[in-house]
Number of protein chains: 2
Amino acid sequence: MEEGLSVGEVAAKTGLTAYTLRWYEQVGLLDPIPRDHAGRRRYRLRDVERLDLLTKMRATGMPVREMLRYIELVRAGTHNRRERLELLEQHRTTVLRQISELERDLAVIDRKITRYRGYLDAEQTD
Amino acid sequence: MEEGLSVGEVAAKTGLTAYTLRWYEQVGLLDPIPRDHAGRRRYRLRDVERLDLLTKMRATGMPVREMLRYIELVRAGTHNRRERLELLEQHRTTVLRQISELERDLAVIDRKITRYRGYLDAEQTD
DNA sequence: GCTTGACTTCGAGTGTGCTCCAACTGCGAG
DNA sequence: CTCGCAGTTGGAGCACACTCGAAGTCAAGC
């Protein structure tokens with residue numbers, strides 16, 4: 001049995017496609033994934049763990065560019081952890097604002113929904 | 001003084017660009033905007049009101065395609081209000097799910113933030 | 001030993017939602 | 001009258017994040 005997971009297994013696990021996984025590696029979000037004797041990718045635990053964070057970053061709307069900035073900090077060593085922290089904290093703030101904007105905007109749509117329900121109720125009682 | 005607002009005024013009011021406003025009209029999200037004697041758009045109250053809803057739909061992630069479906073229902077008359085209501089309710093559900101996914105994903109990032117704070121505190125006390 | 005299926009690379013293509021350019025028109029201020 | 005500005009059109013271009021096609025490799029199962 002081979003060490004590590006194949007691209008297909010990681011795709012299944014992360015919800016990304018195999019295409020996307022290769023592309024993430026290509027653009028530098030993932031470090032070069034080790035290959036087995038046949039040249040096939042074998043994702044290590046740390047690769048999958050990184051993907052865990054990366055997918056959450058993406059899912060919360062962080063642009064790939066900024067994810068890459070973060071990863072480059074990670075690669076540069078541990079001395080820049082304050083900078084990494086700041087990047088994450090800033091993103092956190094962005095996401096919180098995002099959530100509250102969604103809630104605010106949804107309220108407008110909710111009012112519309114209420115209005116339609118009113119129309120339809122009125123029709124009903126005609 | 002002319003009736004209605006110019007494209008620039010509506011842009012300022014809605015936060016969309018003039019380019020986008022013309023494009024919305026072109027793709028059918030807005031009914032053809034009446035022109036003044038010089039051929040310039042004059043947005044009526046109802047156009048601006050529609051934009052109010054449209055921008056909230058977009059801001060909450062509704063694809064333009066689906067917005068268009070809604071607008072086509074509006075154009076088709078009042079008999080399909082139940083269908084419009086369903087579309088809005090479905091979108092509402094989507095947005096609520098979106099919010100809770102953001103919260104869930106943010107929690108992962110928060111854990112990372114906490115870890116970095118831990119590292120940095122430890123460093124501090126070295 | 002052949003087929004099947006998952007993998008490889010490279011580069012091109014796609015969908016979405018704008019965004020902009022070029023060339024032109026018309027209005028108001030000075 | 002001229003300037004500058006805001007508007008017009010049609011069509012091209014762009015950023016982003018994938019997504020896919022083609023052609024080939026390899027190993028396992030029948």
Side-chain angles (χ1 to χ4, degrees), chain A residues 1-30 32-44 47-48 50-51 53-71 91 94 98 105, chain B residues 1-44 47-48 51 53-71 91 94 98 105:
Chain A
M1 197 182 181
E2 295 275 2
E3 278 274 303
L5 302 180
S6 72
V7 71
E9 287 163 338
V10 176
K13 207 177 166 76
T14 59
L16 300 174
T17 67
Y19 294 131
T20 302
L21 285 170
R22 297 193 198 101
W23 182 73
Y24 273 19
E25 182 180 347
Q26 188 182 310
V27 300
L29 286 177
L30 297 174
I33 304 298
R35 313 304 166 106
D36 67 11
H37 69 100
R40 284 170 308 198
R41 287 168 179 78
R42 288 285 138 188
Y43 290 79
R44 295 155 300 181
D47 300 318
V48 175
R50 178 176 289 183
L51 278 166
L53 181 60
L54 289 176
T55 54
K56 296 326 177 234
M57 287 169 151
R58 271 304 292 137
T60 51
M62 188 185 284
V64 168
R65 274 293 158 84
E66 201 178 337
M67 287 161 57
L68 200 47
R69 270 219 317 127
Y70 175 81
I71 291 302
H91 181 57
T94 302
Q98 209 186 131
D105 293 343
Chain B
M1 194 181 183
E2 295 275 2
E3 279 275 304
L5 302 180
S6 72
V7 72
E9 287 163 338
V10 176
K13 209 178 164 78
T14 59
L16 301 173
T17 66
Y19 293 132
T20 303
L21 285 170
R22 296 192 198 101
W23 182 72
Y24 274 19
E25 182 181 346
Q26 189 181 308
V27 299
L29 286 176
L30 296 174
D31 296 330
I33 304 298
R35 312 306 166 104
D36 67 12
H37 69 99
R40 285 170 308 200
R41 287 168 180 78
R42 287 286 138 185
Y43 290 79
R44 294 155 299 180
D47 300 317
V48 176
L51 278 167
L53 181 61
L54 289 177
T55 53
K56 297 323 177 237
M57 287 168 151
R58 272 304 292 138
T60 50
M62 186 186 284
V64 168
R65 271 297 156 81
E66 200 178 337
M67 286 162 57
L68 201 47
R69 269 220 316 128
Y70 175 81
I71 292 303
H91 181 57
T94 303
Q98 208 186 132
D105 293 344

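Chain naming here is simple, since letters A, B, ... match the order of the sequence lines and numbering starts at 1 in each.
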| query | Between A:Arg35 (CZ) and D:dA27 (C1'), how many Å, whole number? | reply | 18 Å
| query | Which of these nucleotides, D:dC18, D:dC20, D:dC16, is closest to any side-chain atom of A:Tyr24? | reply | D:dC18
| message | If you only use heavy atoms from C-beta on, which nucleotide in D:dC20, C:dT9, C:dT19 is closest to the side chain of B:Thr20? | response | C:dT19
| said: Please classify the nucleic acid contact of B:Arg22 as base, sugar-phosphate, or nothing, using heavy-atom distances under 4.0 Å. | reply: base
| query | Between D:dC16, C:dT9, C:dG17, which one does the side chain of A:Arg41 approach most closely? | reply | C:dT9
| said: Quick check for you: among D:dA17, D:dT9, C:dC20, whose closest atom lies nearest to any side-chain atom of B:Tyr19? | reply: C:dC20
| message | If I take atom CE in residue A:Met62 and atom P in nucleotide D:dC16, what distance separates them, rounded to the nearest angstrom? | response | 15 Å
| said: Rounded to whole Å, how long is the line connecting atom CD of B:Glu25 with atom C1' of D:dG10? | reply: 14 Å
| Is a salt bridge present between A:Arg35 and A:Glu25, judged by a nitrogen-to-oxygen distance below 4.0 Å? | yes
| message | With rounding to the nearest 0.5 angstrom, report the CZ to CD1 distance, B:Arg42 to B:Ile33. | response | 12.0 Å
| query | The side chain of B:Arg58 lies closest to which of these nucleotides: D:dT19, C:dC18, C:dC27? | reply | C:dC18
| Is there a donor-acceptor pair under 3.5 Å between the side chain of A:Thr20 and the backbone N or O of A:Leu16? | no
| query | Under a 4.0 Å N-O cut-off, is there an ion pair linking A:Arg44 with A:Glu3? | reply | no
| Rounded distance in Å - CH2 (B:Trp23) to C1' (D:dT9) | 18 Å
| said: Which nucleotide wins on minimum distance to the side chain of B:Arg40, given the candidates D:dT8, D:dC16, C:dC21? | reply: D:dT8
| When you measure from the side chain of B:Ser6, which nucleotide among C:dG26, D:dG7, D:dA17 comes out closest? | D:dG7
| Separation of A:Leu16 atom CG from D:dC18 atom C1', in whole Å? | 11 Å
| query | If you check every side-chain atom of B:Val7, which of C:dT19, D:dA17, D:dT8 has the closest atom? | reply | D:dT8
| task | Could you tell me whether a side-chain N or O of A:Arg41 sits under 3.5 Å from a main-chain N or O of A:Ser6, the two making a donor and an acceptor? | result | no
| message | Whole angstroms only, please: what is the CG-P distance between A:Leu21 and C:dC7? | response | 10 Å
| note | Of B:Pro63 and A:Gln26, the one whose closest nucleotide on DNA chain C sits nearer the 5' end is A:Gln26
